[in-house]
Amino acid sequence: MANNRRGLPEINAGSMADIAFLLLIFFLVTTTMDVDTGISRKLPPMPEEEQLEDDSQIKAKNIYVVLINANNQLLVEGELMDISQLKEGAKRFIDNNGLDPNLSDNPQKAIISLQNDRGTEYKTYIRVQNELAAAYNEIRNDISLKKYGKKYTNLSKVKQKEIRKMYPQKISEAEPKNIGGDS
Amino acid sequence: MSRFKKNGKKKIGAISTASLPDIVFMLLFFFMVTTVMRETTLFVSVVTPKATEIKKLEKKSLVSYIYIGEPIKRLQASYGTSSRIQLNDAFATVDEIQEFIAAEREARDEKEIPYMTASIKADESVKMGIVTDVKQELRKANALKINYSTRKGTY
């Protein structure tokens with residue numbers, strides 16, 4: 001065997017780098033490094049036909065009504081509000097604990113009801129969702145700093161669950177309907 | 001130039017490039033492993049809105065993407081500029097979403113179905129009407145885990 005092979009010339013490996021570079025550039029170009037991020041939400045299941053919409057059991061003061069019209073304006077609890085104030089408003093509502101008779105009894109009962117028009121811009125909708133999520137996150141962060149001296153995201157799973165139970169994120173979206181403005 | 005050579009006390013040999021292929025191969029393997037090929041060609045232009053309270057989407061294989069936006073410039077002549085939905089590699093209507101979700105479920109393992117997420121990649125300028133329609137269809141298809149795709153940023 002060895003005798004037969006002796007005559008074969010050695011393969012030049014000098015171009016190996018070139019080939020590897022070629023492949024490398026191909027993968028560099030096709031690669032997408034972007035990580036998908038977003039706001040996660042859970043949709044409510046479709047209502048059963050016999051099940052009637054019954055909001056009357058929930059006291060009106062425990063619902064924080066946020067309406068967005070086709071002109072991207074906010075109506076919060078019957079008053080026009082700028083989007084930049086929404087977070088503070090929501091925080092005050094959630095963490096009221098019966099102080100103000102017009103706001104929620106306690107955080108467990110607090111529900112944020114969000115309604116939008118068909119003509120609302122998606123950008124505004126996401127911003128509102130973001131502000132509401134931010135309100136909850138800030139409240140959870142505050143309480144976990146107070147209780148455990150750590151940020152909410154740094155807590156263990158069990159403790160996170162405990163805090164989530166104290167401040168459940170209840171954002172309800174009504175069945176779609178037109179709420180004024182051109183769509 | 002020649003003066004430099006004369007003055008230089010030590011002669012520096014040529015740098016060996018023998019390990020260059022190894023380095024390149026290392027990089028190559030890194031990119032090969034991390035790469036995710038683009039699966040779909042976008043026919044709609046999507047600039048996702050900005051948000052701060054974002055979460056990473058995990059398990060990419062369990063995510064179904066729904067794109068909503070204006071058709072790209074090249075296709076605007078034939079499709080107009082009104083917002084459209086894109087599923088996989090084609091424009092779709094709202095009614096096709098249920099089929100799409102069913103097909104996506106078919107492709108996955110039965111155990112993984114509850115963890116499937118529908119990611120709505122909508123352009124920031126689209127109207128909520130079309131997004132609401134999509135959400136209603138998702139509810140009908142019982143695909144309740146959704147994710148509004150956003151990028152990181154503040155207003």
Side-chain angles (χ1 to χ4, degrees), chain A residues 13-47 68 70 72 83-84 87 115-127 129-138 173 175-178 183, chain B residues 17-18 20-25 27-32 34-38 48-58 60 63 65 68-69 83 117-133 135-136 138-140 142-152 155:
Chain A
S15 56
M16 181 101 101
D18 301 346
I19 297 163
F21 260 121
L22 208 80
L23 279 167
L24 175 65
I25 289 160
F26 169 72
F27 278 100
L28 264 169
V29 170
T30 55
T31 202
T32 45
M33 283 292 206
D34 57 328
V35 188
D36 271 315
T37 51
I39 300 173
S40 290
R41 281 282 170 275
K42 197 126 195 196
L43 293 173
M46 255 337 205
I68 322 168
N72 302 322
I83 206 161
S84 55
K87 187 168 79 185
Q115 279 176 45
N116 60 271
D117 190 80
R118 289 187 67 85
T120 309
E121 247 184 24
Y122 181 67
K123 192 173 160 186
T124 314
Y125 173 77
I126 286 297
R127 218 181 138 186
Q129 284 272 21
N130 187 51
E131 293 297 314
L132 295 176
Y136 273 105
N137 285 347
E138 280 186 15
E173 285 180 64
E175 297 293 317
K177 55 187 160 191
N178 271 341
S183 56
Chain B
T17 53
L20 191 63
D22 300 346
I23 297 162
V24 172
F25 264 115
L27 277 168
L28 175 64
F29 286 137
F30 171 72
F31 278 101
M32 273 177 82
T34 56
T35 202
V36 181
M37 298 270 186
R38 257 180 217 282
T48 50
K50 284 186 249 175
T52 50
E53 312 301 313
I54 53 173
K55 274 185 198 149
K56 264 186 201 165
L57 250 181
E58 272 154 38
K60 272 195 175 172
V63 180
Y65 293 100
I68 310 169
S83 301
T117 313
S119 175
I120 298 177
K121 277 186 182 261
D123 191 81
E124 54 185 13
S125 64
V126 300
K127 299 287 179 208
M128 275 310 287
I130 192 164
V131 181
T132 309
D133 290 342
K135 274 160 68 184
Q136 283 301 99
L138 287 174
R139 281 175 74 189
K140 279 184 203 157
N142 211 27
L144 301 177
K145 265 185 84 165
I146 60 161
N147 184 288
Y148 301 107
S149 190
T150 55
R151 67 207 147 95
K152 202 175 170 64
Y155 286 93

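Throughout, protein chains are lettered first and strands after them, A, B, ... in sequence-line order, and every chain is numbered starting at 1. What you see is a predicted model; the values in this text were computed from it and never measured.
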Measuring from atom [atom1] of [X] to atom [atom2] of [Y], what distance do you get when rounded to the nearest 0.5 angstrom?
X      : Y      : atom1 : atom2 : answer
B/T52  : A/K87  : OG1   : NZ    : 7.0 Å
A/L24  : B/I23  : CG    : CD1   : 12.0 Å
B/T132 : A/E173 : OG1   : CD    : 8.0 Å
A/L43  : B/K140 : CG    : NZ    : 13.0 Å
B/I120 : A/I39  : CD1   : CD1   : 11.5 Å
B/F25  : A/L23  : CZ    : CG    : 7.5 Å

Counting C-beta onward and ignoring hydrogens, is there a side-chain heavy-atom pair between [X] and [Y] closer than 4.5 Å?
X      : Y      : answer
A/L28  : B/L27  : no
A/T37  : B/K152 : no
A/Y122 : B/K127 : no
B/D133 : A/R118 : yes
B/K145 : A/K42  : yes

Partner set under ring pair (Phe, Tyr, Trp, His ring centres under 6.0 Å) for A/Y125, not counting sequence neighbours
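By the ring pair (Phe, Tyr, Trp, His ring centres under 6.0 Å) rule, A/Y125 matches B/Y148.
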Residue part contacting chain A, namely of [X], when any heavy atom lies under 4.5 Å:
X      : answer
B/D22  : neither
B/V131 : side chain
B/I68  : neither

For B/K55, enumerate each residue passing the side chain to side chain donor-acceptor pair (under 3.5 Å) test, keeping only those at least two apart in sequence or located in another chain.
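For B/K55, no residue satisfies side chain to side chain donor-acceptor pair (under 3.5 Å) once neighbours in sequence are set aside.
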Looking only at non-hydrogen atoms, find the nearest pair between B/E53 and A/N137 and report the distance.
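Nearest heavy atoms, B/E53 then A/N137: OE1-ND2, 2.6 Å.
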Determine the option with the most heavy-atom pairs under 4.5 angstrom with chain B, choosing from A/A133, A/S84, A/G38.
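Going by pairs under 4.5 Å, I would pick A/G38.
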Taking B/R139 for the side chain and A/P44 for the main chain, is one N or O donor matched with an acceptor at less than 3.5 Å?
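Such a contact is found between B/R139 side chain and A/P44 backbone.
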If we define contacts as heavy-atom pairs under 4.5 Å, which of B/V24, B/L20, B/I130 has the most with chain A?
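Top count of heavy-atom pairs under 4.5 Å with chain A: B/V24.
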Let's test your reading of the structure: which of B/L57, B/I54, B/I146 forms the most heavy-atom pairs below 4.5 Å with chain A?
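Among the listed options, the one with the most contacts to chain A is B/I146.
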